[in-house]
K.L.:
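Below are the structure tokens for one structure; questions will follow.
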Amino acid sequence: MNRPAVSLSPGGGSAIDAASLPPSDAARLTDRGAEASVIHWQHFQVAYDYPVAFTRELLSPDNPLLAEVVARREPEQCHRCLVYVDAGVAAAWPDLARRLARYFEAHAARMTLIAPPITVAAGEAIKASLATVESRLDELRQHAVDRHAYVIAIGGGAVLDAVGLAAAVAHRGVRLIRLPTTVLAQNDSGVGVKNAVNFRGTKNFTGTFAPPWAVLNDLDFLATLPRRQRLAGIAEAIKVALIRDAAFFDWLEANAESLSTFDPRAEAYMIQRSAELHLDQIGHGGDPFEQGSSRPLDFGHWSAHKLEALTHHGVSHGEAVAIGIALDTRYSVLAGHLAASDARRVMQLLERLGLPRYHPQLLELDALGQPALLSGLREFQEHLGGALTAPCWPRSDTLSTSIRWITP
């Protein structure tokens, strides 16, 4: 049986002959002689939106923010909520369960607790394997959490990652509200669209892109953080300033002392501006789900992820990012893209904030006698896909205009 030439139904319409297609479309079709293929091009767009708020005393009964976020789509309903709490947060805030109960009682017309808050492991322990995600899935199933119920995750970035992954895959996605409790989660990871846990030692191997329902940053949670952890979160602010906003980098330099002593106004502005810049890159950078090869937000990260593994997480993510920033800045100088005087500004800012720029593990050799850190480049390329790229400044650019893209 003779068939016509390859035909196409653009947008679900009637099939048309390939000869009548624009060259750009016809070139994609394969003519197999007597055999032909009919291709329907599917195309649709999904709009994502979610609020990222900055507040204090979020769980005070007279602060309506959480209740309003829960009820924003169906204001007449009483919504079921399951709350997860980072073990570190639970220890630092022993009255948190009581505060939650009081809040839900005050807003009982809009929201109800399905069960008492569930405490989960803090830090990298909750991201160690899929077993922790399976435990959360068991709990979501046990409590009949459906797509119109809410999972509320209170904790650092690791807890938000693991609980977020469970919420993203349960019923193909249930509503997640993040309450980040660390500087790093409030100014970077908690405001984004990614969830992940590690798999067989590979960082963030298993995960999803799933925007949250809302992100509510309560700056009061930062008061109980250890100094080392509180400072480490500033590394992500430095990173995003370098890639998006030179004026913000200037501000970080001018306010380094205030930030290192946790001046409330300086810390609040640093977190909010960093979060805004991360949101702008995700929402308007053209690649929110990271399908391409150009990822400016990964400045300082290829080595950071590897260094975390090499030190068995003795170096935290923020500290590793600070060291990664130092490495990528030095690479920019050696590649001829950045003046040494500008690189010194970056290094001096890290030093003034008490952030590390070096770790002895950088010198570890692998079985072949090569720097073990360099395998992080291959692992990063495998994780991200696409061309192997290393973020650096373009030629003729300086800190006065900031980094804008990445180069091979």
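Basis for what follows: all heavy atoms, side chains included, without hydrogens, waters or symmetry-related copies.
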K.L.:
With side chain to side chain donor-acceptor pair (under 3.5 Å) as the criterion, how do Asp245 and Trp251 come out once you've worked through the C-alpha distance, each side chain's angles and the decisive distance to 0.1 Å?
P.N.:
CA-CA 10 Å; Asp245 188 349; Trp251 182 90; over 6 Å; no
K.L.:
Walk me through whether Arg172 and Arg147 qualify under side-chain contact (heavy atoms from CB on, under 4.5 Å).
P.N.:
CA-CA 9 Å; Arg172 300 189 181 96; Arg147 291 186 183 181; 3.7 Å; yes
K.L.:
Yes or no on side-chain contact (heavy atoms from CB on, under 4.5 Å) for Ile234 and Leu184, after CA distance, side-chain angles and deciding distance?
P.N.:
CA-CA 7 Å; Ile234 305 176; Leu184 192 65; over 6 Å; no
K.L.:
Do Arg175 and Glu74 sit within salt-bridge range, that is, some charged N less than 4.0 Å from a carboxylate O?
P.N.:
yes
K.L.:
Ignoring hydrogens and geometry, is there a side-chain-to-backbone donor-acceptor pair from His359 to Gln361 under 3.5 Å?
P.N.:
yes
K.L.:
Against Ile154, only a single residue in Val159, Leu179, Asp218, Thr119 fulfils side-chain contact (heavy atoms from CB on, under 4.5 Å); can you say which?
P.N.:
Leu179
K.L.:
Heavy-atom distance under 4.5 Å between the side chains of Leu58 and Leu66, does that happen here?
P.N.:
yes
K.L.:
Any non-hydrogen side-chain atom of Pro296 less than 4.5 Å from a side-chain atom of Gln281?
P.N.:
yes
K.L.:
Flag the pair Asn195 / Leu160 as yes when at least one side-chain heavy-atom distance between them is below 4.5 Å, and no otherwise.
P.N.:
no
K.L.:
Which heavy atom in Ala168 sits nearest to a heavy atom in Ala210, and how many Å separate them?
P.N.:
CB-CB, 3.7 Å
K.L.:
Do side-chain atoms of Arg330 reach the backbone of Ile325 as a donor and acceptor pair under 3.5 angstrom?
P.N.:
no
K.L.:
Working to the nearest 0.5 Å, report the span between SG of Cys78 and CZ of Phe104.
P.N.:
9.5 Å
K.L.:
Heavy-atom distance under 4.5 Å between the side chains of Phe209 and Tyr48, does that happen here?
P.N.:
no
K.L.:
Do the non-hydrogen side-chain atoms of His107 and Val70 ever get within less than 4.5 Å of each other?
P.N.:
no
K.L.:
Are Asn63 and Leu59 side-chain neighbours, meaning at least one heavy-atom pair lies under 4.5 Å?
P.N.:
no
K.L.:
Where the side chain of Asp287 meets the backbone of Glu290, is there a donor-acceptor pair that is under 3.5 Å apart?
P.N.:
yes
K.L.:
Within this structure, what is the CZ-CG distance for the pair Phe205 and Leu130, rounded to the nearest 0.5 Å?
P.N.:
10.0 Å
K.L.:
Using the ring of Tyr84 (Phe, Tyr or Trp, six-membered ring only), decide whether Arg136 places NZ or CZ under 6.0 Å from its centre and within 45 degrees of its axis.
P.N.:
no
K.L.:
Check for a donor-acceptor pair, side chain of Arg178 on one end and backbone N or O of Gly190 on the other, with a separation under 3.5 Å.
P.N.:
yes
K.L.:
Ignoring hydrogens and angles, tell me if any N or O in the side chain of Asn198 forms a donor-acceptor pair with the backbone of Asn204 under 3.5 Å.
P.N.:
yes
K.L.:
Would a distance-only check, ignoring hydrogens and angles, find a side-chain to backbone donor-acceptor pair under 3.5 Å from Ser135 to Ala131?
P.N.:
yes
K.L.:
Run the numbers on His317 and Glu236 for side chain to side chain donor-acceptor pair (under 3.5 Å), then give the verdict.
P.N.:
CA-CA 10 Å; His317 180 69; Glu236 292 287 2; 3.2 Å; yes
K.L.:
Name the one of Asp328, Leu242, Leu338 that satisfies side-chain contact (heavy atoms from CB on, under 4.5 Å) with Val346?
P.N.:
Leu242
K.L.:
Identify whether the distance between the nearest side-chain nitrogen and carboxylate oxygen of Asp161 and Lys194 falls below 4.0 Å.
P.N.:
no
K.L.:
Would you give the length of the straight line joining atom NZ of Lys306 to atom CG of Leu373, rounded to the nearest 0.5 angstrom?
P.N.:
8.0 Å
K.L.:
Please check: side-chain N/O of Ser60 versus main-chain N/O of Glu57, any donor-acceptor pairing under 3.5 Å?
P.N.:
no
K.L.:
Just wondering, are more than 12 heavy atoms of other shown residues or ligands nearer than 6.0 Å to CZ in Arg141?
P.N.:
no
K.L.:
Without swapping roles, check the side chain of Arg352 against the backbone of Glu253 for a donor-acceptor pair under 3.5 Å.
P.N.:
yes
K.L.:
Starting from the C-alpha separation in whole Å, work towards a yes-or-no answer on side-chain contact (heavy atoms from CB on, under 4.5 Å) for Gln186 and Leu222.
P.N.:
CA-CA 10 Å; Gln186 291 191 3; Leu222 307 181; 3.9 Å; yes
K.L.:
Show, in sequence, the C-alpha distance, side-chain angles and deciding distance for Trp213 and Tyr50, and conclude whether the ring pair (Phe, Tyr, Trp, His ring centres under 6.0 Å) test is met.
P.N.:
CA-CA 6 Å; Trp213 182 264; Tyr50 56 94; over 10 Å; no
K.L.:
Taking the side chain as every heavy atom from C-beta outward, state whether Phe299 and Thr329 have any atom pair closer than 4.5 Å.
P.N.:
yes
K.L.:
Quick one: do Ser316 and Glu319 satisfy side chain to side chain donor-acceptor pair (under 3.5 Å)? Show the steps, please.
P.N.:
CA-CA 5 Å; Ser316 71; Glu319 292 169 334; 3.2 Å; yes
K.L.:
Contact between Gln348 and Leu350 at the side-chain level, heavy atoms closer than 4.5 Å - yes or no?
P.N.:
no
K.L.:
Taking NZ, NE, NH1 and NH2 as the nitrogens, is one of them in Glu276 or Arg273 under 4.0 Å from a carboxylate oxygen of the other?
P.N.:
yes
K.L.:
Do you know which two heavy atoms are closest between Val133 and Ala162, and how far apart they sit?
P.N.:
CG2-O, 4.2 Å
K.L.:
Evaluate Leu297 against His278 for side-chain contact (heavy atoms from CB on, under 4.5 Å), listing each step before the verdict.
P.N.:
CA-CA 8 Å; Leu297 289 178; His278 279 95; 3.8 Å; yes
K.L.:
Which pair of heavy atoms, one from Arg102 and one from Pro61, lies closest together, and at what distance?
P.N.:
NH2-CG, 3.7 Å
K.L.:
Go through the steps to decide whether Gln142 and Glu139 satisfy the test side chain to side chain donor-acceptor pair (under 3.5 Å), and finish with yes or no.
P.N.:
CA-CA 5 Å; Gln142 173 189 346; Glu139 292 152 358; over 6 Å; no
K.L.:
If you take all heavy atoms of Pro356 and Ala322, which pair is closest and at what distance?
P.N.:
O-CB, 3.4 Å
K.L.:
What orientation do His305 and His301 show, parallel under 30°, tilted 30 to 60°, or perpendicular over 60°?
P.N.:
perpendicular
K.L.:
How long is the straight-line distance from CG of Leu355 back to CD1 of Ile238, given to the nearest 0.5 Å?
P.N.:
5.5 Å
K.L.:
Which heavy-atom pair separates Asp86 from Gly156 by the least distance, and what is that distance?
P.N.:
OD2-N, 3.2 Å
K.L.:
Tell me if a side-chain donor or acceptor on Thr261 pairs with a main-chain N or O of Glu257 at a distance below 3.5 Å.
P.N.:
yes
K.L.:
Judged by atom type as modelled, is there a donor-acceptor pair below 3.5 Å linking the side chain of Ser274 to the main-chain atoms of Ile271?
P.N.:
no
K.L.:
Taking atom SG of Cys81 and atom CD1 of Ile177, what is their separation to the nearest 0.5 Å?
P.N.:
6.5 Å
K.L.:
Ion pair present between Asp298 and Lys239, side-chain N to carboxylate O less than 4.0 angstrom?
P.N.:
no
K.L.:
Any idea which heavy atoms bring Val174 and Asp146 closest together, and the distance?
P.N.:
CG1-O, 3.5 Å
K.L.:
As an exercise, state the distance from CG of Asp342 to CE of Met347, rounded to the nearest 0.5 Å.
P.N.:
13.5 Å
